[in-house]
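Remember, it's 1-based here, ligands and their atoms both numbered in the order they're listed.
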Amino acid sequence: MTRLRPRQSAATAAPPLANSASSLTAGAWNIEANYPNAPLQNDWYHSALANSIAGTDLYPGSDIIDGADIVAFFNSNLGTPGCLEASTWYYGLDNNPGPNQIDFLNVFMHELSHGLGFSNFVNEGTGEVFAGLPDAYMAFTLDNATGKIWNTMTPAEIQAAALRNGQEVWNGARVTASAPSVLGPLVLLSLTSPAGLAGEYEYGTGSFGAVPTPANFSGNIVNGLDAADAPGPSPNDGCTAFTNAAAVAGKIAVVKRGACAFVVKAKNAQDAGAADVIIGNNAAGGAAFGMGGTDPSITIPAISVSTALGDSLIAAGSATGGLAGSPTQLAGADAQGRVRLYAPTTYEPGSSISHYDTAASPNLLMEPAITSTLAASRNVDLTAALFEDIGWKTELSVAGCGEGSGAPATLVSGVYLASPVFACANTAKNKGAFQSCSTQYFNVLRDAGVIDGAYKGRFASCAAAGK
Ligand SMILES: [Ca+2]
Ligand SMILES: [Ca+2]
Ligand SMILES: [Ca+2]
Ligand SMILES: [Zn+2]
């Protein structure tokens, strides 16, 4: 059995969340390999997980150095001069922060999840594994470009794979099985005419205008035409006032990238009465791209498309289509339904790979940044499924009641099964009211087949005893 303390290595320190400026960070304090019952030999495990699998506290004791499994740092300076001054922590447990408050529970659950197993110990910057061994997280990380699993790859292969945005995925059965219950459909630009262009296409979005959705981005697609002079020498670059406002009014205008800012093109389309705008790439073989820029007066949605599609739309002069959810692909998963890991094209130490991709939608707890729609008190989306893939056994537990029930802690949708009982505890005026509230919920679980009748009785009496 081998134990090491990876926190002493900068490579494995989980970074602070982007939107909470070193407010909190947590990670495995000790890591273990080749401990009793280890599912994989010669792979590191977070010590909390190793303890769980071994069935014993491998390094017991309350000493922070030798006994600790997870160490978390909390920043009490949040909201003071120089530290996110406009923000304060929200410490409620209902995921209901007020304006300018950062939900502590979501941040805490995110960071604690890193410490429970949601991170690797490899340095993607050099490709070097930690102290000569790969880890259990790497054993479930798949590089779609080569078909290789990360704990079998050379340092050079790891270094290259880490930067392949969209190609690194979680190769675990539980996460893949849960993904359709958590992620929405991948939204694509779907064209129905002309026949030669009919099909589904990826698109990019911008930092200005309304968020493009299937509801606001659909209809006839026509060219937005402007003068062929300075600053935009092409009649398709949208750099000056459109000359065919009557033709584009209420429709989706197409223009080409280059010669002026994206916001200039979008504003000219809006001023001509267009309902939406498509900006085609102008680089040879270019893909859909992200569009920067700010102009609060732009209210129409804008998307970008590849050079090939943009040029084809301009050549056709008229097309029909709009944004639509893919019938087969999930937002944030590959074509096989495996959930993507965060792999930005520039290495982000401690953040790359050890998160789900920001492409996931709805947003996930383990994306690199905490977002406003998360509610970790009730739903941990695909987090618990990943834990189960790496060897955790989750079990429904209510204040210590539940061992042996066989019921998982969460539904496949990530809904945390115990949270309604805690809600009962929070709202009940007395013990009788709590008993009645929680028993009603246990009945629901029993009727849904999550627990059997015997366990329902045991949960109810155990919960009532205030255990
Ligand atoms: Ca311990
Ligand atoms: Ca022009
Ligand atoms: Ca997302
Ligand atoms: Zn994180």
Electrostatic pair Lys251:Asp276 at N-O distance under 4.0 angstrom: no
N, O or S atom of Pro233 closer to the Ca ion (ligand 2) than 3.0 Å: no
N, O or S atom within Asp57 nearest to the Ca ion (ligand 1), by name: OD1
With the Ca ion (ligand 2) as the apex, the O/O angle for Gly232 and Ala227 - to 10°: 80°
Pi-cation contact, Phe289 with Arg257 (under 6.0 Å, within 45°): yes
Aromatic plane relationship, Tyr356 with Phe118 - under 30° parallel, 30 to 60° tilted, over 60° perpendicular: perpendicular
The Ca ion (ligand 2) reached by Asp226 (N, O or S, under 3.0 Å): yes
Residue pair Asn281 / Ser306, side-chain donor-acceptor N/O under 3.5 Å: no
Phe121 and His46 aromatic ring geometry - parallel, tilted or perpendicular at 30°/60° bounds: tilted
Salt bridge present between Lys148 and Glu157 (N-O < 4.0 angstrom): yes
Under 3.0 Å: N/O/S of Pro231 next to the Ca ion (ligand 2): no
Among the N, O or S atoms of Asp237, the one nearest the Ca ion (ligand 2): OD1
Asp69 and Asn51 side chains, donor-acceptor separation under 3.5 Å: yes
Metal-centred angle, the Zn ion (ligand 4) as apex - NE2 of His114, NE2 of His110, 10° resolution: 100°
N/O/S atom of Thr240 inside 3.0 Å of the Ca ion (ligand 2), strictly under: no
Opening angle between O in Gly67 and O in Tyr59, taken at the Ca ion (ligand 1), to 10 degrees: 90°
